[in-house]
Amino acid sequence: RDNDRAMADLDKALALDPRIAGSWEDRALIKAERRDIAGALADIGEAIRIKPEEANFHTTRGYVLGLKRDLDGAIASFTESLRLRPGHAY
């Protein structure tokens, strides 16, 4: 239920301003928890498109790719996160 309310709030926020990269990431995490991997990847992809220099977004993409069992993709995302912010840990 909390995730349903959070998702509704995020949808409203993004309808007002779709450039809020962090809201896309939050939606991706909720979708990943629901095992909507395709939706999660689409949302985190949008966050990265808006703010590609944000290491956390690449870490989140790595997490979601890991859920998909795309280990090469996950490693590439985690590597990019570390390139952007050396020493970064989730």
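The shown structure was predicted, so the numbers you read here are calculated from the model rather than taken from an experiment.
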If you look at every heavy atom in [X] and [Y], which pair is closest and at what distance?
{"X": "Phe78", "Y": "Tyr63", "answer": "CZ-N, 3.5 Å"}
{"X": "Ala13", "Y": "Ile20", "answer": "O-CD1, 4.1 Å"}
{"X": "Phe57", "Y": "Ala21", "answer": "CE1-CB, 3.5 Å"}
{"X": "Gly87", "Y": "Leu82", "answer": "N-CD2, 4.0 Å"}

Value for CD (Glu53) from CZ (Arg83), rounded to nearest 0.5 Å, stands at 10.5 Å

_With rounding to the nearest 0.5 angstrom, report the CD to OG1 distance, Glu80 to Thr59._
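Spacing of CD (Glu80) from OG1 (Thr59) equals 10.0 Å.
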
May I have the step-by-step check of side chain to side chain donor-acceptor pair (under 3.5 Å) for Asn56 and Glu25, ending in yes or no?
CA-CA 9 Å; Asn56 287 339; Glu25 182 192 30; 5.6 Å; no

Clusters formed by hydrophobic residues whose side-chain heavy atoms approach within less than 4.5 Å: which one holds Met7, and what are its other members?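 The other cluster members (ILVMFWY side chains, heavy atoms under 4.5 Å, direct or chained) are Leu10, Ile30.
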
Using a 4.5 Å side-chain heavy-atom cut-off and chaining through intermediate ILVMFWY residues, the residues clustered with Leu84 come out as none

- Query: Do Leu65 and Leu67 sit in the same hydrophobic cluster, where Ile, Leu, Val, Met, Phe, Trp and Tyr count as joined when their side-chain heavy atoms come under 4.5 Å apart?
  - Reply: yes

> Quick one: do Trp24 and Leu29 end up in the same hydrophobic cluster if we chain Ile, Leu, Val, Met, Phe, Trp and Tyr together by side-chain heavy atoms under 4.5 Å apart?
Replying inline: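 Trp24 and Leu29: separate clusters.
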
- Lys/Arg-Asp/Glu bridge criterion (N-O < 4.0 Å) met for Arg34, Asp4: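 Here Arg34 pairs with Asp4 in a salt bridge, since their nearest N and O are under 4.0 Å apart.
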
- Task: Using modelled atom types only, decide if a donor and an acceptor are shared between the side chain of His58 and the backbone of Pro52 within a distance under 3.5 Å.
- Result: yes

Quiz item: Within the distance-only criterion (no hydrogens, no angle test), does the side chain of Ser81 pair as donor or acceptor with the backbone N or O of Ser77 below 3.5 angstrom?
Solution: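 Judged by distance alone, no pair lies under 3.5 Å.
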
Could you list the donor-acceptor pairs under 3.5 angstrom formed by side chains in residues 36-44, with sequence neighbours left out?
unit_1	atom_1	unit_2	atom_2	d
Asp36	OD1	Gly39	N	2.8
Asp43	OD1	Arg27	NH2	3.1
Asp43	OD2	Arg27	NE	2.9
Asp43	OD2	Arg27	NH2	3.2
Asp43	OD2	Lys31	NZ	3.0

